[in-house]
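First listed ligand is number 1; within each ligand, the first listed atom is number 1.
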Amino acid sequence: AALRQHQRVAFVPTMGNLHEGHLSLMRAARAYGDVVVSSIFVNRLQFGPNEDFERYPRTLQEDCAKLESANVDHLFAPEESELYPQPQNFFIQPGSCYDSILEGACRPGHFNGVATVVAKLFNIVRPDVALFGKKDYQQLIILRNMVRELNMSIRVLGCGTIRETDGLALSSRNAYLGPDERAEAHRLYA
Ligand code: PAF
């Protein structure tokens, strides 16, 4: 609260296992905030029952070193029991125009979980500006519209996708690809 009186806070929420895509957001944040805050939280609420919540890569120590080298001022890395101290009975529910198409249609409840945790993180960190990657374009649009429609005074910025040399977008989940899948993956970009 003291910082917020005189300084602008830029915020980059993540689920950790940071790569150059995340770090480019941290560096961009410096242009919008006197103080740069990031969060690392693997949010169970946005994973479907048969998705990869348990095996999602958790690399907090390495991530802290990367955040330091990217000049991030503060990291918020809560335990699940801190962010969800009791069962969550209130949710942000994006309209059916979002969850009936694209990733929303394949991952029922996913954007409900994303919007709910981001709203909680926004309420805790209370940033002036928040930065998200355009790689998750539907997520970016949903969060931008959530902020506008729920009158949160936060500017949501989208930043360009960082890619491997063959065009594959950087993503923590690329680690799941076997050699044959990795060889094919650049076709998505093509
Ligand atoms: O894009 C992500 O890493 C997550 O969906 C986010 C925005 C940090 C919410 O958990």
Closest heavy-atom pair and its distance - Ile162, Gly21: CG1-CA, 3.8 Å
Option with minimal heavy-atom separation from atom 10 (O) of ligand 1, where the choices are Gln139, Lys135, Gln46, His22: Gln46
Side chain, backbone, both or neither: the part of Thr14 lying under 4.0 Å from ligand 1 by heavy atom: backbone
Axial cation check for Phe47 ring with Arg55, 6.0 Å and 45° limits: no
Sub-4.0 Å atoms of ligand 1 with respect to non-hydrogen atoms of Val117: 9 (C), 10 (O)
Parallel, tilted or perpendicular: rings of Phe41 and Tyr84 (30°, 60°): tilted
Heavy-atom donor-acceptor pair, Glu68 side chain to Ala65 backbone, under 3.5 Å: no
